Amino acid sequence: APVAPLAPPTPPAPSPAAAHWLWTLTAAGAAAAFAFAFALTRRRRAGDEGLALAAHELKSPLAAIEAYLALMEEDGRSGAADTRAWLEDVANMRTTAAHLRRTIGDMLEMTRLEDGRLRLEARAFDLTALARDCARAYAALAARDALSVRVEGGPAPAWGDPDRVRQILDNLVGNALRHAPAGGTVTVRCSGGARARAAVCDDGPGVPPERRERLFQRFARLSEPARGGPGTGLGLYIGRRLAEASGGTLEHAPGPGGRGAVFTLTLPGGPA
């Protein structure tokens, strides 16, 4: 009797969790692209072409998500998909989506600053305590690359919006960790008085002298980080604008012997 041909294998369906991620990331990518196109058109009409430089920051993660989707689709159709591969692809897509979210957040924050729509809720707080919270949040990430984050100094009463100040510190510490060499240390030195200060110091390569004048400009990328990939070029610009809106400053200086970098945030002193 003739043997019936074998039916082609049925492609394994993604788990509900994987399907949820696929839908979420695809929708997020589409929404991000739409939001960027709208914002870019708006800024161009206002005569500002600078935002066009951020296009690559959205194109790259969206392209990565599309590539992972294509791989997962191919594996599903061929029957080669397995749980481990799916989970690895989902993890990579999640990392890419996080970068996309940071990019969009930076762009929206820049727009709020430039349009005068930023609102600060100033109150008294301890800058040193805030820096210690920031260091604890980065401890696990630092340990992964044999780095460490430490905070020095006693209480530093300050006046400002602690949520926005934490945003500045997160950016400074995150940047320092991305540029510090393996086994290096990021130190936050705090002091109080009429002006509260937090100086974030790293032992990385530092900023070349010829590029320092552009350090706080929008979309400025001045050196390749040792890890973590390129940023948006907006973090320092936003940090300085937030510091100034709080009555403070954000300045850069080279580290001892020209090695590394020191970013010093100053704020009005608060009640002791």
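A quick note: this is a predicted structure, and the numbers were derived from the prediction, not measured. Every heavy atom of this structure was used, including side-chain atoms; hydrogens, water molecules and symmetry mates were not.
Between Asp133 and Arg136 a salt bridge is recorded (basic side-chain N to carboxylate O distance below 4.0 Å). Taking the charged nitrogens against the carboxylate oxygens, Arg240 and Glu251 do have a contact shorter than 4.0 Å, which makes a salt bridge.
Put simply, the side chain of Thr128 gets close to the backbone of Gly154: a donor and an acceptor are under 3.5 Å apart. Judged by distance alone, the side chain of Asp145 and the main-chain N or O of Leu147 form no donor-acceptor pair under 3.5 Å. Remark: side-chain polar atoms of Arg189 are not paired, donor with acceptor, to backbone N or O of Val200 under 3.5 angstrom. A distance-only check finds a donor-acceptor pair linking the side chain of Asp126 to the backbone of Ala156 [under 3.5 Å].
Taking 4.5 Å as the limit, some side-chain heavy atom of Leu169 sits within range of a side-chain heavy atom of Leu127. Taking the side chain as every heavy atom from C-beta outward, Asp170 and Leu172 never approach each other to under 4.5 Å. Side-chain contact between Cys190 and Arg197: absent, with no pair of heavy atoms (C-beta onward) separated by less than 4.5 Å. Under the 4.5 Å side-chain criterion, counting only non-hydrogen atoms from C-beta, Asp203 is in contact with Pro181. Side-chain contact check for Trp159 versus Leu267: every heavy-atom pair is 4.5 Å or farther apart.
Classified by interplanar angle (parallel below 30°, tilted 30° to 60°, perpendicular above 60°), the ring pair Phe216/Phe263 is perpendicular.
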